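Input: a single structure, listed below in C-alpha cells.
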Amino acid sequence: MFMPVGTQATVKFLSPEDLYEAGAGVILANTYHLWLQPGEEIVHQAGGVQKFMNYHGPMLTDSGGFQVFSLADARKINEDGVTFKNPRNGDTLFLSPEKSIQIQNKIGADIIMSFDECIPYPATYEYAKASMERTLRWAQRGKDAHTNPDTQALFGIVQGGDYEDLRLYCAEKLTEMDFPGYAIGGTSVGEDKETMLRMVGWSAKALPENKPRYLMGVGAVNDLLESISLNVDMFDCVLPTRLARHGTLLTSQGRINIKKAVYKDDFSPLDPLCDCYCCRNYTKAYLNHLFRAEEGFGTRLLSIHNVRFLLHLMEEARAAIKEDRYATFKQETLSRMKFDYRGF
RNA sequence: GGAGAGGUAGCGAAGUGGCUAAACGCGUCUGACUGUAAAUCAGAUCCCUCCGGGUUCGGCGGUUCGAAACCGUCCCUCUCCA
C-alpha cells in the first residue's frame, strides 16, 4: 500500500473526497508539525485528527523522527531526546520519545510511530551504531509511555545506516519487543539507489513476515517496485504531491514536466492509461496553461493525478502478487517508464 | 506653437568616462525534488565557441588612450500649457 502524506492534517491541495476517489486508505500526518500548530490539544478537542480534518479513513502519524534529520541545522540530540529550534520563531522546543507518544496519543491516529533518529548518509559505523542503540532504547521508552495500545498501533523503526549487522541487530531487537508493525527508516536521505535497496533488504529480511513492514519516505516508482520485491508492505512519500506542485507528473511512460513548451498545444490526456478525475476530463494543454498562469486548480489536478497514479500502481502490484506474476509485472512496468531494471 | 521628460538585452528597469557583455525583476528554457521549514530550489538566457573571439545601450558624426555614459546633429516617444 501507498500512503499519501498530509503533514499538517491535509494532503496539500486535496480534499478527503479527492482522496477517497483516488482510492487512498491510510494517510499520514506529522507529530512535530501538529504539535507546533495548532497543538495536539486542539486536535484532541476536535475529536482526533480524522474528525479534525474530516477524513473518514485510517491515519498514521509520524513521530517527529524525520524532523531530527530534516531540521538538523536547528537541533541537538542527547539520550533524553531532541532539542529543536523552531525555524519559524526561534522558540526552543524539546521532543522526547515519551513526549512524541503522548502527543500522538492525543492526535489519535490509528497507527503511530516510535520516536527515532533518522541519521544522514553517509554516517560512520560508530555513529550509526550508537544512534541505532539509542533509537532502540527510545522505542522501548515510547512503548512504555503508550496509553492506548488497543486503539493505536505503535510501530518500531529499524535504523542502522548502511551497515548490515546494525540493521539486522536493530530489526531483531525490535522484533523481540513485539510491536504490531515495523518500519524501516533512515533511507532516501541522500544515498544512491543500490545502497538504499541494500539497507531495505537487510532490514526487511530480519522482520517478521506476519507483521506489516513499512518503508518510510519512499515513493519513487522504481524504488517502490524494487522494495516490494524485498517484502515491503507499506510506503509513504511526499513525492507525488510535491512533484505535482512543481509541475511534474507521473505517467505510465515516465515523468514529464507539464510546463514544457511542447505541451502548449497537446490536447491529449496526461496519461491515457490513468483513470483519475484529471485524466478523464482535462488535457495536457489545459494543465500547461494553468501552470503558466499560476492557477491553483492546475496544482490540484496534478496532485489528484499523481496520487491516483501511485495508488493505482499499488493496486496493480497487489493483483500481480496474488496472481504470482509480480516479477514480470515489475520488469515490464519499469521498462515502460524508462527505468533501468535492477532485479532486486 | 510653448515648456519639460525620455529612448539600455524578449519586456520592465539600474547604470552617467575605465572595475560593464551591462545590476535587478519578469518572461523564456533546462534540471532537481523520496517518513514536507519545498505552490520550492538550482542553472542558462546578444552571436559564434575549447581556450577565446565577434558585435551591442534610438541613428549618424565627434571628443578621449578608453564612451551606454561627454559634445553636435537627426529621428522617435511621453507629459503639461496654449
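Residue numbering restarts at 1 for every chain, and letters A, B, ... go by the order of the sequence lines. Keep in mind it's a predicted model, so treat the numbers as computed, not measured.
Distance OH/A/Y125 to CG/A/D165: 3.5 Å, rounded to 0.5 Å. Separation of atoms CG (A/L290) and CG (A/L302) is listed at 9.5 Å; rounding is to 0.5 Å.
Look at CG on A/L239: it is 7 Å from P on B/U34, rounded to the nearest Å. Taking atom CG of A/N257 as the reference point, atom P of B/C41 lies 16 Å away to the nearest angstrom. Distance CG (A/L250) to P (B/A32): 13 Å, rounded to an integer number of Å. Between A/K264 atom NZ and B/G27 atom P the separation is 13 Å, expressed in whole Å. Distance CG (A/D91) to P (B/A37): 17 Å, rounded to an integer number of Å. Between the C1' atom of B/C33 and the CG atom of A/L249 lies a distance of 15 Å, rounded to the nearest Å.
With RNA chain B read from its 5' end, the first of the two nearest nucleotides for A/G296 and A/G185 is the one closest to A/G185. Of the residues near RNA chain B, A/R242 and A/V189, the one whose nearest nucleotide (by heavy atom distance) lies more toward the 5' end is A/V189.
Across B/A69 and B/G58, the matching P atoms stand 8 Å from one another, rounded to whole Å. Taking atom P on both nucleotides, B/C71 is separated from B/U16 by 14 Å, rounded to a whole Å. Only the P atoms considered, B/C26 is 14 Å distant from B/G43, to the nearest whole Å. When the P atom is compared between B/C47 and B/G61, the two are found 26 Å apart, to the nearest whole Å. The gap from the C1' atom of B/G53 to that of B/U8 amounts to 24 Å, rounded to the nearest Å. Taking atom P on both B/C48 and B/G10, the two are 14 Å apart, rounded to the nearest angstrom. Comparing the P positions of B/U56 and B/C51 gives a spacing of 22 Å, expressed to the nearest Å. Look at the P atom in both B/C60 and B/A9: the space between them is 16 Å, to the nearest Å.
Residue A/R292 places at least one side-chain N or O under 4.0 Å from the OP1 or OP2 atom of B/U28. Using a 4.0 Å cut-off, some side-chain N or O of A/K260 falls inside it from OP1 or OP2 of B/U30. Put simply, A/T7 has a side-chain N or O that comes within less than 4.0 Å of OP1 or OP2 on B/U36. Between A/Q67 and B/A37 there is a side-chain N or O to OP1 or OP2 distance below 4.0 Å. The side chain of A/Q8 places no N or O atom within less than 4.0 Å of a non-bridging phosphate oxygen (OP1 or OP2) of B/U36. One finds a side-chain N or O of A/S70 lying less than 4.0 angstrom from the OP1 or OP2 phosphate oxygen of B/A37.
The pair A/R198-A/E194 fails the salt-bridge criterion, with no side-chain N (NZ, NE, NH1 or NH2) lying under 4.0 Å from an Asp/Glu carboxylate O. Using a 4.0 Å cut-off between charged side-chain N and carboxylate O, A/D80 and A/K99 make no salt bridge. Taking 4.0 Å as the cut-off between side-chain N and carboxylate O, A/R336 and A/E316 do not count as a salt-bridged pair.
Side-chain polar atoms of A/N105 and A/Q152 form a donor-acceptor pair below 3.5 angstrom.
In A/E17, the CD atom is crowded: over 12 heavy atoms of neighbouring residues, nucleotides or ligands sit closer than 6.0 Å.
Counting non-hydrogen atoms under 4.0 angstrom, A/Q159 reaches a base of the nucleic acid. Contact annotation for A/Y214: no contact, since no heavy-atom pair falls under 4.0 Å across all strands. When heavy atoms are screened at a 4.0 angstrom cut-off, A/T241 is found touching base atoms of the nucleic acid. Residue-level contact check: A/I157 touches the bases, meaning some heavy atom is under 4.0 Å from a base atom. If you check every strand for non-hydrogen atoms under 4.0 Å, A/A261 touches sugar and phosphate atoms only. Residue-level contact check: A/G186 touches the bases, meaning some heavy atom is under 4.0 Å from a base atom. Residue-level contact check: A/K12 touches the bases, meaning some heavy atom is under 4.0 Å from a base atom.
On a pure distance criterion of 3.5 Å, a polar donor-acceptor pair joins the side chain of A/K193 and the base of B/U34.
Nearest nucleotide to the A/S63 side chain, out of B/G35, B/U34, B/A37: B/G35. The side chain of A/F66 sits closest to B/G35 out of B/G35, B/C33, B/A37. Closest to the side chain of A/H246, out of B/G35, B/C33, B/C29, is B/C33.
Nucleotide B/U20 forms a pair with no other nucleotide shown, judged by Watson-Crick or G-U wobble geometry with both contacts under 3.5 Å. Partner assigned to B/U40 is B/A32, using Watson-Crick or G-U wobble distances below 3.5 angstrom. Pairing partner, B/G61: B/C71, with both Watson-Crick or wobble hydrogen-bond distances short of 3.5 Å. As the counterpart of B/C78, B/G4 is assigned, both hydrogen-bonding distances of the Watson-Crick or G-U wobble pattern falling under 3.5 Å. Pairing for B/A9 is absent, with no Watson-Crick or G-U wobble pair whose two atom distances lie under 3.5 Å. Under the Watson-Crick or G-U wobble criterion, with both distances below 3.5 Å, B/U55 is left unpaired in every strand shown. Base pairing annotation: B/U45 forms a Watson-Crick or G-U wobble pair with B/G27, both donor-acceptor distances under 3.5 Å.
For A/Y286 and A/F267, the ring centers are positioned 6.0 Å apart or more. Between A/Y263 and A/F291, the gap from one ring centroid to the other reaches at least 6.0 Å.
Scanning for salt bridge (charged side-chain N to carboxylate O under 4.0 Å, His left out) contacts around A/E295 gives an empty result, with sequence neighbours left out.
Screening A/F94, A/W138, A/W35 for a ring pair (Phe, Tyr, Trp, His ring centres under 6.0 Å) involving A/F115 leaves a single residue, A/W138.
Listed by residue number, A/L28, A/N30, A/H33 are the residues of residues 27-36 of chain A with a heavy-atom contact under 4.0 Å to RNA chain B.
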